[in-house]
Every structure is written in C-alpha cells, then in structure tokens.
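Everything on this sheet refers to the single structure shown next.
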Amino acid sequence: MLIGFIGDVHGRVFVAVAAVATWQRKAGRRFDVLVQVGDMGAFPDPERADPATAAYLSIDPSEADFARLMRAEGALAAHAQRVRAEFSTAIHFLRGNHEDFGWLSRLPVETGSRTAAVDRFDLLRYVPDGAVLTMGGLRFAFLGGVEEQGDDAGIHRGAYERLTALEAEAVDVLVTHEGPYGNSIGFNGDVHGSRLIGALVERMQPRFHIAGHAHQLVGPVRHGATTYLGLDGLVASRRWHPEARGLQPGCLAVLDTEAEKLSVVSDDWLTAFPTPFDFETWCDESGGTATQ
C-alpha cells in the first residue's frame, strides 16, 4: 500500500490536487490513501475567512481556491472530475487552525466511513477530531487544532481524551495538525509544538506520527517506538517570500507499507512546479491518463 501525506494547504486546493497527480504520473503508481495534515483552508466563503487568512488573499488569490472548488461549474468542474478519476481515494483532511470551524462542524458525518463529504467531486473528505479509521490496512487516529489557541482552533479536549483512552499501540498512524513540543524552532527563536500532543504520542505509541502547522520539514526521525515526520507547507508564503517559486521540498511524503519506509518527496519537479498556479491551464497542458 502507498499512503500519501500532504502538508498545510491554506486554501490552495488545486495546487495540492495537481501535486498529487504529478507525483502519481511520474511514479506510475496510485496512492491507496491520501491524508492532509490540517490547515486545508476550508473556507467555502472567503468573506468568512479568519483575519490571518483574509490578509493573504489579496497577495495570493489561490488561497481562495477551496471556495472555487465548492462552486465549480463548466470547464473547471470537468477538470476537477477528470483529475479525481486519477485518484483511488479522496484526500482526507483534519482540522487545522485556519478553517471555517462552524462550517466543518455542520458537515454530516457518514456512518460507514466516519468522514464527511465536502465537495461533489469527492476530492476532499473531512475527518473529525478523535476519529479512528482503518485505511490501507492501517489504523489511523486524527486530532486537529493547536494547543496554544483556546478558541475553536484549539485542541478539542473530549477528542483528546478519547484517544488517550485507547490501548498503547492500538493505532498505527497518528495524524495531528500540531507536532509535539520541541519539534522545531521558529523564526523568532520560539519553540514549536504541543506538550499535549507529546504526551499523547507517549501514551499511544503509534508506529508513525505525521503533523504539519510549523511549515518546517522535520524528520523522519525516530523517537522510541514512533517515527515522527513534520511536513513543510505546500508552498512558501508569498507575503514573506515573494520571490519563492515551486512547491516546498518536504510538503509531500510517501509511506510504503510493504517496504515499511516513510520518505519525503524532494524530487526536482517540486521546485519546477508552476507557481503562481493556474489549474485550468495546467489541466489543458498536462493531459495524461490515469495511472494504473
């Protein structure tokens, strides 16, 4: 089984979809499971974006592409449907700290999948906090939010407690938005991470722990029974890095369950990826057929 992990998207849904499709075309293989680590930027109405996100929209309009996907019609809808046909699975995402939390909480969770459908193309599926899903023969646990925020962007304590009640090693892959405390250092010398998440990892002892939020590549590195990977964001912020182009090496990772190998995608095509990105143009020019 091949499991793909995607770093913080911040609304750039079409960039994420094209990045996954590009990897599959070049590898000649499909992902069996796709997981995004939060900050999908799930704002179906950009006018309801939080202040931090709204400040970026004029600088990088692609951060509103989640909304464009939700209302896609005509050629854009056809392109989205065609690319979805290349995927074996929807992209499963958890709650970050930049989403429309009220809207996500109102999505109806399906009894069978224990996820919520987001768009009519089934490109995206929302996974609620505390969910434990079996996918690709592995058990995944999901927990969104960040510890330092006490509002809707914070860690949901009820979901946290449900996960701490699980037996150790009951979960193969723990996916959180925020990484454990001490996983990286910020630009101002601040220490990143959550002590709650660190304690959760010690309690659960998953084989793999994947997170995002910090927009820094960390790992893969082994801590006891767990291999940790902190993913970089999909693209560098045009607000802070206006000259940056391409995708961030370390925004994608692949877990090959047969080889028991977790690896970061750092291929040359990442930095050559067209940004700013035009999804319709990319679809028209890239062509290609679905991988088998």
Side-chain angles (χ1 to χ4, degrees), residues 5-17 19-20 34-73 76-77 80 84 90-110 113-131 133 142-160 175-178 194 197 211-215 231 233-235 237-239 251 277 279:
F5 296 97
I6 308 166
D8 291 25
V9 171
H10 288 278
R12 305 177 187 92
V13 173
F14 296 126
V15 176
V17 168
V20 170
L34 285 166
V35 176
Q36 194 273 329
V37 298
D39 277 359
M40 175 64 78
F43 292 103
D45 180 358
E47 293 185 0
R48 290 177 54 84
D50 59 34
T53 300
Y56 287 100
L57 289 176
S58 62
I59 300 170
D60 187 354
S62 68
E63 291 202 21
D65 280 352
F66 184 93
R68 291 186 65 217
L69 173 67
M70 296 298 294
R71 59 174 184 262
E73 297 180 352
L76 180 57
R84 177 60 180 90
I91 298 172
H92 293 70
F93 73 98
L94 68 160
R95 181 179 58 93
N97 59 311
H98 295 292
E99 325 277 8
D100 186 332
F101 305 111
W103 181 78
L104 286 177
S105 70
R106 293 190 295 272
L107 291 174
V109 176
E110 298 173 1
S113 68
R114 288 173 289 175
T115 65
V118 170
D119 60 283
R120 70 180 187 274
F121 311 103
D122 196 33
L123 272 168
L124 307 177
R125 284 192 161 263
Y126 172 60
V127 185
D129 291 299
L133 308 178
F142 296 83
L143 186 68
V146 294
E147 181 176 352
E148 60 266 26
Q149 293 188 233
D151 55 11
D152 289 341
I155 292 175
H156 287 174
R157 295 306 178 96
Y160 181 86
V175 185
T176 62
H177 180 56
E178 189 172 26
S194 162
I197 296 297
H213 182 58
H215 292 231
L231 288 170
L234 196 65
V235 301
S237 169
R238 289 176 60 188
R239 182 177 186 181
C251 68
F277 182 68
F279 181 62

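Here, residue 1 is the first one in the sequence, and each next residue gets the next number.
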Please report the interatomic distance [atom1]([X]) to [atom2]([Y]), rounded to the nearest 0.5 Å.
{"X": "Arg95", "Y": "Tyr126", "atom1": "CZ", "atom2": "OH", "value": "6.0 Å"}
{"X": "Met70", "Y": "Leu123", "atom1": "CE", "atom2": "CG", "value": "11.0 Å"}
{"X": "Leu231", "Y": "Phe5", "atom1": "CG", "atom2": "CZ", "value": "8.5 Å"}
{"X": "Asp151", "Y": "Asp50", "atom1": "CG", "atom2": "CG", "value": "9.5 Å"}

Side chains of [X] and [Y]: does their closest heavy-atom pair fall under 4.5 Å?
{"X": "Val17", "Y": "Arg84", "answer": "no"}
{"X": "Asp60", "Y": "Arg12", "answer": "yes"}
{"X": "Leu143", "Y": "Ile197", "answer": "yes"}

Over all heavy atoms of both residues, which pair between [X] and [Y] is shortest? Give the atoms and the distance, please.
{"X": "Ser113", "Y": "Arg125", "result": "OG-NH1, 3.6 Å"}
{"X": "Phe101", "Y": "Gly96", "result": "CE2-O, 3.5 Å"}
{"X": "Ala90", "Y": "Asp122", "result": "CB-O, 3.1 Å"}
{"X": "Ala54", "Y": "Ala49", "result": "N-CB, 4.2 Å"}

Taking [Y]'s backbone N and O only, do any of them form a donor-acceptor pair with [X]'s side chain (distance below 3.5 Å, no angle check)?
{"X": "Gln36", "Y": "Gly7", "result": "yes"}
{"X": "Asp39", "Y": "Asn97", "result": "yes"}
{"X": "Asp119", "Y": "Leu124", "result": "yes"}

**OP:** Kindly determine whether Val9 and Val15 satisfy side-chain contact (heavy atoms from CB on, under 4.5 Å), including the steps that lead there.
**Re:** CA-CA 8 Å; Val9 171; Val15 176; over 6 Å; no
**OP:** List in chain and number order the residues that pass ring-ring contact (aromatic ring centres under 6.0 Å, His included) with Phe279, two or more places apart in sequence or in another chain; answer none if no residue qualifies.
**Re:**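 Phe14.
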Subject >> All ring-ring contact (aromatic ring centres under 6.0 Å, His included) counterparts of His10, not counting sequence neighbours >> reply: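 Only His98, His215 meet the ring-ring contact (aromatic ring centres under 6.0 Å, His included) criterion with His10.
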Original post:
Are Val127 and Val35 close enough, and set up right, to give a side-chain contact (heavy atoms from CB on, under 4.5 Å), and what steps lead you there?
Top reply: CA-CA 10 Å; Val127 185; Val35 176; over 6 Å; no
Subject >> Criterion side chain to side chain contact (heavy atoms under 4.5 Å, CB included) against Phe142, the qualifying member of Leu133, Asp129, Thr115, Thr176 >> reply: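 Output: one option passes, namely Leu133.
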**OP:** Carefully, step by step, assess Leu234 and Ile6 under the rule side-chain contact (heavy atoms from CB on, under 4.5 Å).
**Re:** CA-CA 7 Å; Leu234 196 65; Ile6 308 166; 4.2 Å; yes
Residues forming a side-chain contact (heavy atoms from CB on, under 4.5 Å) with [X], sequence neighbours excluded:
{"X": "Glu147", "answer": "Ile155, Glu178, Ser194, Arg195, Leu196"}
{"X": "Ala42", "answer": "Phe66, Phe93, Glu99, Trp103, Leu104"}
{"X": "Leu57", "answer": "Pro46, Glu63, Ala64"}
{"X": "Arg48", "answer": "Asp45, Asp100"}

**OP:** Decide whether Asp65 and Ser62 meet the rule of one side-chain donor and one side-chain acceptor closer than 3.5 Å.
**Re:**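 Their side chains do not contain a donor-acceptor pair, so the 3.5 Å distance test is not met.
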